[in-house]
Amino acid sequence: MAVTTRTPGVTAGRLDRETLTSNFADLHGELSPHEAHVAADRCYFCHDAPCITACPTSIDIPLFIRQIATDTPKAAAKTIFDQNILGGMCARVCPTETLCEQACVREKSEGKPVEIGRLQRYATDVVMAEGTQPYQRAKPTGKKVAVVGAGPAGLSCAHRLAMYGHDVTVFDAKDKPGGLNEYGIAAYKSVDNFANKEVDWLLSIGGIELKQGQALGRDIALADLQNTNDAVFIGVGLDDTNKLSVPGAELSNVTDAVQFIANLRQSTDYTDIEVGRNVVVIGGGMTAIDAAVQAKLLGAENVTIAYRRGQEKMNASRWEQDLATAKGCTILPNLQPHSIAGNDTGRDTGNNAVSAIKFEYTTSTATGLQGTGETVSLAADQILMAVGQTLDGAQDGIAVKAGKIQVEGAGRTSVDGIWAGGDCASGGDDLTVTAVAQGRDAAEDIHAHLTSGD
Amino acid sequence: MADLTTDFLGIRTPNPFWLASAPPTDKEYNVRRAFEAGWGGVVWKTLGSEGPPIVNVNGARYGAVFGADRRLLGMNNIELITDRPLQTNLDEITRVKKDYPDRAMIVSLMVPCEEQAWKDVLERVTETNADGIELNFGCPHGMAERGMGSAVGQVPEYIEMVTRWCKENYNKPVIVKLTPNITDVRFAARAAKAGGADAVSLINTINSITSVNLDTMAPEPSIDGKGSHGGYCGPAVKPIAMHMVAEIARDKETAGFPISAIGGVTTWRDAAEFMAVGAGNVQVCTAAMTYGFKVVQEMISGLSDWMDSKGYTTTAELVAQAVPNVTDWQHLNLNYVAKAKIDQSLCIQCGRCYAACEDTSHQAIWMKEGRVFEVNDSECVACNLCVNVCPVENCISMEPMAVGETDPRTGQKVLAEYANWTTHPNNPSVLEKA
């Protein structure tokens with residue numbers, strides 16, 4: 001019998017290739033030139049615009065939108081890239097509804113902001129399509145900088161340093177560069193291998209050597225990097241995931257949402273990705289939403305997002321929550337995992353798979369979150385955990401604060417000559433755009449440090 | 001419901017909306033459909049003398065200026081007068097007038113500046129039973145190079161002469177269509193009146209180049225890489241047209257002289273405004289060319305609703321109501337003092353008022369903590385720029401100061417008396433008298 005959305009267990013191929021292709025098509029779609037003109041014309045060109053303030057990279061949004069409106073999208077892209085070299089990806093993945101578009105005065109006045117994200121994509125796509133690099137390297141300085149991690153922070157830092165003429169070596173633990181842009185974003189937000197193309201484009205400035213499969217602490221040592229470079233930037237992200245600590249968490253088909261998302265991103269047509277009939281995602285952030293929506297798009301019959309606090313506390317934006325529910329996922333707040341049951345059928349083979357999960361209802365009290373004692377069970381043949389990521393082993397000698405590398409100013413760590421930025425560093429939200437800003441600012445600081453001679 | 005029936009020169013039409021002499025009125029097929037759609041009258045596309053018809057270019061004849069979302073704000077054209085045989089037009093005019101006796105049928109004419117040419121064509125037009133004629137002294141392109149159109153309209157003596165010929169050779173109303181491509185339109189209007197015209201209509205189109213193609217370095221619309229100036233029309237020209245209509249309406253020599261207003265009438269409101277500054281009716285072209293004949297239905301319902309809301313029962317009541325308020329700068333009350341006021345409940349904090357005032361005006365708006373924008377009355381001269389750049393309707397208003405209050409900018413009390421520049425102490429001529 002053919003596999004369908006109602007086939008029990010975890011299996012691939014619940015939907016045919018054509019349906020999957022359509023399900024995973026570009027979420028927002030491109031603006032046509034005319035649509036872009038109409039959208040751009042809505043911008044009021046505000047004085048000291050609130051959208052600029054709301055953007056972690058401080059892109060001059062009114063200026064780039066006016067450049068689109070006047071038929072100079074390449075100039076618009078340059079305005080964007082000056083502040084955010086990964087402006088193409090940010091246009092796709094930024095939660096604009098809580099950043100620039102939330103600050104847009106049109107949101108305040110009519111509940112419909114200027115479509116800043118889509119306009120940014122329109123402008124940056126023009127340059128991406130041409131493949132031209134708008135920046136040239138300065139005269140080589142002879143200074144060497146090691147960047148650890150080829151995610152948004154590391155790439156942003158490397159590009160800015162290369163622009164100033166420094167020689168940069170980027171070490172990355174994975175097979176491909178890009179970090180979360182490559183592995184950690186819902187497939188429908190970055191179609192057509194965009195993350196990879198963007199890295200190639202970024203590197204075309206020259207002066208950056210990329211070394212894949214080089215994990216800090218495993219293949220390379222921080223002390224060696226310090227000895228052979230004039231500065232080191234760490235942007236390794238949060239590579240470890242939190243696990244559930246309830247009975248049954250060890251059962252098969254209880255897995256990391258992060259890995260599920262990464263597998264999807266590396267798949268070519270999604271027919272090889274296994275998904276359950278009844279999928280329960282635990283968590284309330286972007287990872288939970290990305291995993292849940294994609295599970296549904298793969299053909300799961302029922303997808304539930306269970307979150308231990310009230311829905312208003314979810315880290316995922318309201319827009320993302322609405323996306324999940326519109327795609328057919330159910331969000332159940334105030335539920336904390338109690339225990340996970342197996343289906344015994346695999347006991348003989350040692351492959352006891354999850355069959356249900358029991359939750360306890362919670363309530364917020366003055367002393368914190370408390371269980372009410374009341375429980376509910378959900379059928380589950382796949383559980384995806386999206387309960388947070390952590391730094392994968394701190395480096396000796398570098399101060400860590402609340403699980404992140406402690407930084408001051410423009411990413412200065414407790415060790416002279418070592419900077420850090422992105423998700424692994426303290427301060428700022430764990431967003432691509434924040435990582436880009438931190439990488440860029442650290443590069444500026446490193447450049448100042450390397451050229452001032454102090 | 002207000003009665004839109006309008007009497008213009010004794011020609012009664014069900015509403016004041018006529019189609020101007022232009023492509024929409026160039027043949028029977030169009031005009032019948034225009035009347036079916038509800039237009040009160042038409043001025044038939046300009047006829048020339050008997051003989052081989054003129055020819056038009058075989059490439060783009062219209063250029064455009066766009067606003068957001070390609071909204072057509074201004075258009076220009078290099079089309080000439082009718083390019084069909086005279087008799088064909090006359091036969092069609094006769095047929096249509098016969099079938100639509102309650103609609104105005106005016107025939108636009110342009111023939112060489114010789115009395116015999118006018119006599120000849122007027123004889124033929126008389127036979128059509130049309131309601132009147134309009135003398136095209138306005139066409140700014142092509143025909144002007146041949147001594148017709150605006151070449152006549154720019155010389156008051158010619159206007160008067162040709163008008164007189166027409167009055168002597170035609171016994172129905174003669175409307176003289178004026179060109180705006182002239183220094184002071186009042187001289188042209190006075191000449192028309194002196195020649196015996198029954199009315200003037202204005203404006204014809206304005207000399208213009210809408211854009212230059214920066215790839216080919218040719219003006220648009222381009223014909224084989226070259227462009228010629230064309231006549232500009234549409235919403236963009238309305239302010240220019242309205243000024244000219246008002247000037248004629250308040251000129252001592254032409255006050256009360258019937259005017260058919262033309263120039264960017266796009267909605268009922270435009271029509272009401274033109275009528276308020278002295279027009280007896282309006283003529284429309286670009287709005288019909290942009291949206292089709294049906295647009296008249298909004299004009300009819302809109303004007304009617306507005307008249308009801310104001311208590312006007314006939315269109316004649318609103319004609320020239322605003323004329324007494326059109327004056328010269330020197331007669332404006334200099335003792336009137338207003339200040340900009342920002343309604344904080346409507347403000348969306350875009351800061352455009354601030355940028356405009358701070359960078360280009362009087363530095364009279366403060367930007368305070370939390371993007372709160374407030375007017376500094378000590379600097380505000382009530383210039384209205386902030387109102388014009390504010391994207392929110394009614395958010396900023398100009399509030400008059402009460403008599404007896406002290407203007408914090410000047411330290412002077414607001415006076416009740418009217419006083420203008422003619423009596424102001426800074427006026428050199430006042431100083432001389434003293």
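Naming: A, B, ... by sequence-line order, numbering from 1 per chain.
Counting heavy-atom pairs closer than 4.5 Å to chain B, the top-ranked of the candidates A/Ala49, A/Pro50, A/Ala40 is A/Pro50.
Counting non-hydrogen atoms of neighbouring residues, nucleotides and ligands closer than 6.0 angstrom, the CZ atom of A/Arg66 reaches no more than 12 such neighbours. B/Asp359 CG: more than 12 foreign heavy atoms inside a 6.0 Å radius. For B/Glu393, the CD atom sits in a loose shell: 12 or fewer heavy atoms of surrounding residues, nucleotides or ligands are nearer than 6.0 Å. In the displayed structure, B/Gln297 atom CD is contacted under 6.0 Å by more than 12 heavy atoms of other residues, nucleotides or ligands.
Side-chain polar atoms of A/His34 and B/Asp69 form a donor-acceptor pair below 3.5 angstrom.
Rounding to the nearest 0.5 Å places CZ of B/Arg71 at 10.5 Å from CG of A/Asp41.
Only the backbone of B/Cys347 comes within contact range of chain A, with at least one heavy atom under 4.5 Å from a heavy atom of that chain. With a threshold of 4.5 angstrom between heavy atoms, A/Pro62 does not approach chain B through any atom at all.
Under the side chain to side chain contact (heavy atoms under 4.5 Å, CB included) test applied with B/Cys350, the options A/Cys43, A/Cys104, A/Cys46 reduce to a single match, A/Cys46.
The shortest heavy-atom contact between B/Tyr354 and A/His47 is CE2-NE2, 3.1 Å.
Between A/Glu110 and B/Ile348 the shortest side-chain heavy-atom distance does not fall below 4.5 Å.
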